[in-house]
Asks: 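Please see the structure below; I have some questions.
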Amino acid sequence: MKKIFSIIFSLTVLVATIFADDGGSYKPEDWTYGNIYVKEPNDKIALERELLIVEQTDGFVTALFDFVNTTRGSVTVPCAFPVVVKTQVSVQKDGTISASIPIRNGYRANEAVLAVAFGKDNFEGLSKDELLSLDKKLRTISAESYITELSESSFSNSILNPCKIEQDGKEVAIQTVGIETSIEKNEEATEYIFEYNWHNSKEIYDLTLVLHFYHELHFSPSARSKLSVSYKINSEKKDYKGTSYELTYDISTGGTWKGAMKSFLVFTDSQMTAKGSQTGFETTSLGTLSTDGVGFTLYAAENYKPQKEEELFFRAITSYDEGLMQIGEREGGQIFVKDVRSSSSYKGTYKIAGHGIYGSDQNADKNLRVSTYDAETSFDGIPFNGWVEGAKGDGIGEWIEFTLTKAALGPFASNGLARFAGSIYDDYGHNWGNDADDFTLLVKADYVGSTWEANNRIRSMTLTSSALKKVVTLDMADIFPASRSYYSYDWIALNAVKNPRLLSKGTYRMTIQSVYNGNKYDDTALGEVWFIPLSPIAEKIISADTDSFYIAPINDLIKAYASHYVEILENHQQEEESRAWK
């Protein structure tokens, strides 16, 4: 086991100021997580692909690795996974230590972290000398003993649990845990509390705790090996009008494996900054797939060799809801979607809400526009119209076809014909009455959602293409595509598709399989359909992903987020319906 202990090294820790203008940290701590590392460069095992998934708002990080043994012999590599947390501890005027930190909002140090550092729960009241004795201290215990310590601690914290590692579907055991501590006086904070002298604290010290989770990886001769590492994180901070998240990922040790990564993707709910990197990442904004307003981004790089001391810094800020906001139209539709056609379409024209104006004026007769029911209207960037099939009956088996000239995420789609701006049941209830002289059409229609309810909406469609390995069933919720939403200012607030996915470029057909019945007509309507195109490097990586190393996990994430968002909107619509009929 001594060979494992010899691979400990110090990690760079991000130090955030405690006097930030945003009101400071919710907890006075900063976390750094890292790549699996080895002490010496490895000339036998190549790391060819990595997918890093950082979900700060949900508190999880997952890293997927695709290794290749470039030799004809079996190779065993001793590795470690590092977690670094920086917290604070105060020295009281009587010389004892405390977790109480009298800065700004009356902070309290993370007591679970302090308990691990001291190796005991009862650290309150220990002396300053006992605190300083932790500086440069390392203790190594078995994984079993470490887990026992955590479970018996009154300050137990799941984010300090060992990471979960699987290699080729089998769990990799954490063998030992190295607990490394360092202590440094925070002169700025100490000076601050000395100046105001209103608390029992006399000095503030920064405590850095590094946890090394040691394990071994085994590689068969000339074979590929898939590895996954997942763990809970804590990066939440208090921010003005919302919550912010900050996390540092030490990617530098990814450069210790043989050669450069052929491809590297990062899927995150945060804005990523590569510090100390010589690689430029291409970004694809995936929109607001989160109910707290956080946007998702896909970062892509090829031939990526992490540099010494290179770090990936992630920051996310939840949105502050200022109320309802108009969702704008997509001018000119989507130029990368070509050759739209359908098996049939309803003949004729109808009126929809106006453009370039906002609020109820969009629905005034003088501002209305005219639209057809053709397939192209589902790709024109206007949320009020859409394709209506023209076959006899409810349209089962009718289809709409299009060609993607770029790889993209989708399809997203609104369901049914909205026609007018507003919610399905506005503040006036079903009938606008005689006080709405400017809204002649709405008086005839009775209320904004009347057309939507009168016609069929789509329950499910099949998505077929030579670019797909198998037929995909698209499940759609029965959501009225309101032009405003409490939950997002992005077009995601109109989306009814529960399982969008990554799609390579090619020709696709969406065929109606089942419908939600209208209360008056059996014509089936599809609203606006849209896609999010990938950056050139991301498109190249996804197109070459024949074993779905990237595609499968990203599709699972997108489906989970989209389905959850749709569920929120469904519940909101049900609440609206309940209020409207009271």
Side-chain angles (χ1 to χ4, degrees), residues 49 51 262-263 265 267 282-287 289 296-300 302 330 332-345 374-381 386-387 389 395 397-415 458 460-476 491-492 495-513 526-559 561-562:
R49 296 183 293 178
L51 171 62
K262 292 181 179 179
S263 58
L265 291 182
F267 181 95
E282 283 189 354
T283 62
T284 300
S285 176
L286 303 180
L289 297 176
F296 282 77
T297 305
L298 185 68
Y299 293 86
E302 285 186 303
R330 296 175 183 266
Q334 301 173 97
I335 60 174
F336 62 93
V337 182
K338 305 288 188 181
D339 304 326
V340 177
R341 66 191 189 97
S342 62
S343 54
S344 66
S345 61
D374 294 342
E376 290 83 356
T377 62
S378 282
F379 297 85
D380 62 4
W387 171 58
E389 50 76 30
E398 295 301 295
W399 50 264
I400 188 169
E401 198 171 82
F402 53 88
T403 297
L404 296 178
T405 60
K406 290 181 60 64
L409 171 63
F412 298 95
S414 57
N415 204 357
I458 295 174
S460 66
M461 304 184 83
T462 55
L463 181 67
T464 54
S465 172
S466 59
L468 293 171
K469 294 181 179 179
K470 60 181 180 179
V471 175
V472 175
T473 299
L474 300 172
D475 298 314
M476 297 183 67
W491 268 56
I492 189 68
N495 175 57
V497 179
K498 298 179 182 179
N499 54 333
R501 55 191 294 116
L502 292 172
L503 298 172
S504 300
K505 60 183 179 181
T507 298
Y508 293 84
R509 177 175 290 186
M510 294 166 58
T511 304
I512 300 172
Q513 292 296 301
L526 174 67
E528 187 67 12
V529 179
W530 69 95
F531 301 86
I532 300 172
L534 302 183
S535 71
I537 290 180
E539 177 175 20
K540 182 179 178 182
I541 292 172
I542 293 301
S543 298
D545 188 24
T546 56
D547 62 351
S548 293
F549 174 79
Y550 293 114
I551 293 175
I554 291 177
N555 279 345
D556 288 343
L557 284 168
I558 292 167
K559 179 180 177 180
Y561 281 108

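A quick note: this is a predicted structure, and the numbers were derived from the prediction, not measured. As a basis for the values below, the full set of heavy atoms in this structure was taken, side chains included, without hydrogen atoms, waters or symmetry mates.
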Asks: Flag the pair Arg341 and Asp374 as a salt bridge only when some basic side-chain nitrogen lies within less than 4.0 angstrom of an acidic carboxylate oxygen.
Replies: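 Asp374 and Arg341: not salt-bridged.
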Asks: Checking side-chain polar atoms at under 3.5 Å, does Ser285 have a donor or acceptor matched by the opposite partner on Thr297?
Replies: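 The answer is no; no qualifying pair exists.
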Asks: Please evaluate residues Glu539 and Lys406 with respect to the criterion salt bridge (Lys or Arg N to Asp or Glu O under 4.0 Å), reporting the C-alpha separation (whole Å), side-chain torsions for both, the decisive distance (0.1 Å), and the verdict.
Replies: CA-CA 8 Å; Glu539 177 175 20; Lys406 290 181 60 64; 3.5 Å; yes
Asks: How about Arg501 and Val472: do any of their side-chain heavy atoms sit closer than 4.5 Å?
Replies: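 In contact.
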Asks: Could you walk me through whether Val529 and Val497 satisfy the side-chain contact (heavy atoms from CB on, under 4.5 Å) test, starting with their C-alpha distance in whole Å, then the side-chain angles of each, then the deciding distance to 0.1 Å, before giving a yes or no?
Replies: CA-CA 10 Å; Val529 179; Val497 179; over 6 Å; no
Asks: A side-chain contact here means heavy atoms from C-beta on lying under 4.5 Å apart; do Lys505 and Thr405 qualify?
Replies: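 No, their side chains stay 4.5 Å or more apart.
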Asks: Between the side chain of Glu528 and the main-chain N/O of Gly381, is any donor-acceptor distance below 3.5 Å?
Replies: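 The answer is yes, because a donor-acceptor pair under 3.5 Å joins these two groups.
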Asks: Please report the interatomic distance CD(Gln513) to OG1(Thr462), rounded to the nearest 0.5 Å.
Replies: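 Interatomic distance, Gln513 CD to Thr462 OG1, rounded to 0.5 Å: 4.5 Å.
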Asks: Look at the aromatic rings of Phe402 and Phe379 and report parallel, tilted or perpendicular, splitting at 30° and 60°.
Replies: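 The arrangement is tilted - the two ring planes meet at 30° to 60°.
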Asks: CZ of Phe267 to CZ of Phe296: how many Å apart, nearest 0.5 Å?
Replies: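 Rounded to the nearest 0.5 Å, the CZ-CZ separation comes to 5.5 Å.
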Asks: If you apply the rule salt bridge (Lys or Arg N to Asp or Glu O under 4.0 Å), what do you find for Asp545 with Lys540, and how did you get there?
Replies: CA-CA 9 Å; Asp545 188 24; Lys540 182 179 178 182; over 6 Å; no
Asks: Step by step, would you call Ile400 with Met510 a side-chain contact (heavy atoms from CB on, under 4.5 Å)?
Replies: CA-CA 5 Å; Ile400 188 169; Met510 294 166 58; 3.8 Å; yes
Asks: Got Glu401 and Asp339 here, is their nearest side-chain heavy-atom distance under 4.5 Å?
Replies: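 Result no, sub-4.5 Å side-chain heavy-atom pair not found.
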Asks: Mind checking the CD-CG spacing from Glu282 to Leu265? Nearest 0.5 Å is all I need.
Replies: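 Spacing of CD (Glu282) from CG (Leu265) equals 11.0 Å.
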Asks: Looking at side-chain heavy atoms only, is the closest gap between Met476 and Ile458 below 4.5 Å?
Replies: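 They are in contact (side-chain heavy atoms under 4.5 Å apart), so the answer is yes.
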Asks: Under the criterion side-chain contact (heavy atoms from CB on, under 4.5 Å), I'd like the reasoning laid out for Trp530 against Arg330: C-alpha separation, chi angles, the key distance, then a yes or no.
Replies: CA-CA 10 Å; Trp530 69 95; Arg330 296 175 183 266; 3.3 Å; yes
Asks: Taking only residues two or more places apart in sequence or in another chain, which ones pass ring-ring contact (aromatic ring centres under 6.0 Å, His included) with Tyr299?
Replies: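 For Tyr299, no residue satisfies ring-ring contact (aromatic ring centres under 6.0 Å, His included) once neighbours in sequence are set aside.
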Asks: For a quick test of reading the model, state the closest non-hydrogen atom pair linking Val340 to Glu376 and the distance between them.
Replies: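 What the structure gives for the nearest pair is O-OE2, 3.5 Å.
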Asks: Indicate yes or no: at least one non-hydrogen side-chain atom of Leu468 is less than 4.5 angstrom from one of Thr464.
Replies: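 No. Closest side-chain heavy atoms not under 4.5 Å.
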Asks: Do Pro411 and Leu503 come close enough that some side-chain heavy atom pair is under 4.5 Å?
Replies: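 Result yes, sub-4.5 Å side-chain heavy-atom pair found.
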Asks: Rounded at 0.5 Å granularity, tell me how far CD1 in Ile542 sits from CG in Leu298.
Replies: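 Answer rounded to 0.5 Å: 6.5 Å.
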Asks: Using the ring-ring contact (aromatic ring centres under 6.0 Å, His included) criterion, which residues pair with Phe549? Sequence neighbours excluded.
Replies: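 Result, ring-ring contact (aromatic ring centres under 6.0 Å, His included) vs Phe549: none returned.
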Asks: For the OG atom of Ser504 and the CG atom of Leu404, what is their distance to the nearest 0.5 Å?
Replies: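 Going from the OG atom of Ser504 to the CG atom of Leu404 covers 9.5 Å.
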Asks: Just so I know, are the side chains of Ile512 and Glu389 near enough to count as touching, which here means a heavy-atom distance under 4.5 Å?
Replies: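 The answer is yes; the side chains approach within 4.5 Å.
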Asks: Evaluate Glu398 against Ser344 for side chain to side chain donor-acceptor pair (under 3.5 Å), listing each step before the verdict.
Replies: CA-CA 7 Å; Glu398 295 301 295; Ser344 66; 2.6 Å; yes
Asks: Between OG of Ser414 and CG of Leu526, what distance do you get to the nearest 0.5 Å?
Replies: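 Separation between the atoms: 7.0 Å.
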